[in-house]
Amino acid sequence: MTQSVQVILADVNPTDPENWRLKSYLKRDGYAALKKIIANKIPPENVIEEVKKSALRGRGGAGFPTGLKWSFMPRQYEGDKYLVCNSDEGEPGTFKDRDIMRYNPHILIEGMAIAAYAMGAKTGYNYVHGEIWETYERMEEAVEEARLAGFLGNNILGSDFSFQLYNHHGYGAYICGEETALLESIEGKKGQPRFKPPFPASYGLYGKPTTINNTETFASVPWIIRHGGEKYLQLGKPNNGGTKIFSISGHVNKPGNYEVPLGIPFAELLEMAGGMRGGRKLKGCIPGGSSMPVLPGDVMMKTDMDYDSIAKAGSMLGSGAVIIMDDTTCMVRALERLSYFYYEESCGQCTPCREGTGWLYRIINRIEHGKGRPEDLDLLDNLADNIQGRTICALGDAAAMPVRAMLQHFRDEFVYHIEHKKCMV
Amino acid sequence: MLSTESLEKINREIAKYPTDQKQSAVMSALAIAQDEKGWLATETMDFIAKYLGMPAIAVYEVATFYNMYNLKPVGKYKLTVCTNLPCALSGGNDAANYLKQKLGVGFNETSADGLFTLKEGECMGACGDAPVLLVNNKQMCSFMSNEQIDQLLEELRK
């Protein structure tokens, strides 16, 4: 078993009730990166250069290069600029940001302060998922600790750099994980995604230049500044720098969060999670959150866990939520539940998604309940075609991709359900 | 309309946003009002609209869009169980069925004693702790076996 460097969860001890506090964080080299930047008056563009070197990619799901995103923020802009953290973690299977915030909240605050310094943002919001109230309260306490210690607020550590950070509590809408829906939500509206362009870097929160990153992305930044982008890159592999927290759920013995170097073999990760529950066989795995295509167990066992390897295998790393399904799983039923989720969570703005997700759900529901028709599988394909790529945001794609992948890899099961009006497992 | 304590909480939220963007506090204002009143009656939403200087319709839009707001009265305790796929693989449906049987209700129904309303929830971002359920939007309960559920219900009934 690889004993590897951890960037975010190193020395984090969930069983110690004081471990998350500022005092403990400072003992773990906390805020050293922010202090270093301010003491040495490092130019903001050098900070962005360092993040570019690290090959850090967005950990929320899209995998966009972070340094590049930061460089899109207009440097000379005179007015307010905003920094937003997307902690609206609602992609089924994903539960890493909750652990970062409740067990190591200051690493996120430090990462955001460094990002604000690099991009010249004066104000930041951390949008916390609605269902995790206790975590939101902890973030509120941690922000207050940081402010009192001079790591947030006006003239941070005596410099002329000021950054105010606030937590915004969501209230139950998956769509707000989409960055422009999240901005609408902070503005006090329904969370309906905006057309892009304009992109948030030019027209974001309150119409001002805004950069939005995921919790885990920001939390990776202090380490990169302390040790250098090059060193971070070397923890992973080329184009897939650093470590990643994988949230493992489903049929394993030890579900949980595991921070490992990108590129670790899936088989090794599975072993870390205690292996398959009851020693059963791996039937399928969704490697990056419920919106990503499912892969058959044998393909998965030969795959490494990084952006490029998972893409090559036919899926996506997404948010790093690894959903494990053993051979007792009925794939029709699994897909029915996921399709219900997208139907329930579609914001209703675009017709192909609003109507299409309902169609998908109703058809899969009737197949599951023994009322499927022979033409249904073609109809599902056709529907997926007519949703994918035809909506403002990616929720439509997220509803269509699992359907396509399930039909591609487990078609026999769907056919069996339709022909025999019952399940084969 | 709302207690001084609730208004103070709402004011703290308003202070997080630019002075001309009071509307940004609408989500927390509704949540705070719901904590006090149990649910969001039209009068409550109208009050918040006035308080934040928003059209009432804009407040209704928010209250009906986000699914943790109660638009109808609920029992003293709202129990929301996640049945999404990752939870379902680890007993989410068993927990939901057990609750239905223990409380004698289906989803979106309230027990005869008015204590419990059962809701089916979507992903709460705690899939590793499945089965999970949420009490009154605030308290997350993890690894909810039948024994754990019995214990929780007993505590809440006290």
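Per chain, numbering begins at 1; letters A, B, ... match sequence-line order. Being a predicted model, the structure only gives us computed values, none of them experimental.
Between chain B and the options A:Gly172, A:Gly348, A:Gly90, the largest number of non-hydrogen pairs under 4.5 Å is found for A:Gly172. Counting heavy-atom pairs closer than 4.5 Å to chain B, the top residue among A:Met325, A:His168, A:Glu344, A:Gln164 is A:His168. Between chain A and the residues B:Met27, B:Met68, B:Gln23, the largest count of heavy-atom pairs under 4.5 Å involves B:Met68. Of all the listed residues (B:Lys22, B:Met140, B:Gln21), the one sharing the greatest number of non-hydrogen pairs under 4.5 Å with chain A is B:Gln21. Heavy-atom pairs under 4.5 Å with chain B peak, among A:Thr135, A:Thr329, A:Ile323, A:Ile186, at A:Ile186.
Using a 4.5 Å cut-off between heavy atoms, A:Glu89 contacts chain B through both its backbone and its side chain. Within the 4.5 angstrom heavy-atom criterion, atoms from both the backbone and the side chain of B:Ser90 approach chain A. Heavy atoms closer than 4.5 Å to chain A are found in both the backbone and the side chain of B:Thr83. In this structure, the portion of A:Glu140 lying under 4.5 Å from any heavy atom of chain B is its side chain and not its backbone. Heavy-atom distances place both the backbone and the side chain of B:Met124 under 4.5 Å from chain A. Residue A:Glu137: no heavy atom, backbone or side chain, is found under 4.5 Å from chain B. Interface remark: B:Asn93 contributes side-chain atoms only to the contact with chain A (heavy atom separation under 4.5 Å). Interface remark: B:Gln139 contributes backbone and side-chain atoms alike to the contact with chain A (heavy atom separation under 4.5 Å). Residue B:Ala88: no heavy atom, backbone or side chain, is found under 4.5 Å from chain A. Interface residue B:Leu134: only side-chain heavy atoms are found under 4.5 Å from chain A. Looking at B:Asp20, neither its backbone nor its side chain comes within 4.5 Å of chain A, counting heavy atoms on both sides. The part of A:Ile324 that comes within reach of chain B is its backbone (N, CA, C, O), which places non-hydrogen atoms under 4.5 angstrom from that chain. For A:Ser290, no part sits under 4.5 Å from any heavy atom of chain B, backbone or side chain. Interface residue B:Ala126: backbone and side-chain heavy atoms are both found under 4.5 Å from chain A.
Counting only heavy atoms from C-beta outward, the side chains of B:Tyr66 and A:Cys176 approach each other to under 4.5 Å. Contact check for B:Leu85 versus A:Pro92: no side-chain heavy atoms found under the 4.5 Å cut-off. Taking 4.5 Å as the limit, every side-chain heavy atom of A:Arg277 sits out of range of all side-chain heavy atoms of B:Leu89.
Contact residues of residues 245-252 of chain A toward chain B are A:Ser249, A:Gly250, A:His251 (heavy-atom distance under 4.5 Å). Annotation: residues 52-64 of chain B contacts chain A through B:Met54, B:Glu61, B:Val62 [non-hydrogen atoms, separation under 4.5 Å].
Atom NZ in A:Lys96 sits 12.0 Å away from atom SG in B:Cys127 (nearest 0.5 Å). From A:Glu131, atom CD reaches atom OG1 of B:Thr80 across 8.0 Å, with rounding to the nearest 0.5 Å. Note: A:His169 NE2 to B:Asn137 CG = 8.0 Å, rounded to the nearest 0.5 Å. With rounding to the nearest 0.5 Å, the separation of OH in B:Tyr17 from OG1 in A:Thr123 is 12.0 Å. From B:Gln34, atom CD reaches atom OH of A:Tyr171 across 5.0 Å, with rounding to the nearest 0.5 Å. Taking CZ of B:Arg12 as the reference point, atom OH of A:Tyr166 lies at 14.0 Å (rounded to 0.5 Å).
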Q | Stepwise salt bridge (charged side-chain N to carboxylate O under 4.0 Å, His left out) test for B:Glu122 and A:Arg337 | A | CA-CA 10 Å; B:Glu122 290 301 345; A:Arg337 186 59 185 86; 3.2 Å; yes
Q) side chain to side chain contact (heavy atoms under 4.5 Å, CB included) between A:Ile132 and B:Lys138: does it pass, once the steps are laid out? A) CA-CA 7 Å; A:Ile132 50 172; B:Lys138 291 266 159 80; over 6 Å; no
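A:Tyr174 places no side-chain N or O within donor-acceptor distance of the main-chain N or O of B:Cys123, the cut-off being under 3.5 Å. Between the side chain of B:Lys16 and the main chain of A:Asn167, a donor-acceptor pair closer than 3.5 Å is present.
In A:Arg138, the CZ atom is crowded: over 12 heavy atoms of neighbouring residues, nucleotides or ligands sit closer than 6.0 Å.
Between B:Phe65 and A:Ala173, the closest heavy-atom pair is CE2-CB, 4.1 Å. For the pair B:Pro86 and A:Gly93, the tightest heavy-atom approach, listed with the atom from each and the gap, is CG-N, 3.5 Å.
Side-chain atoms of A:Tyr125 and B:Ser24 include no donor-acceptor pair closer than 3.5 Å.
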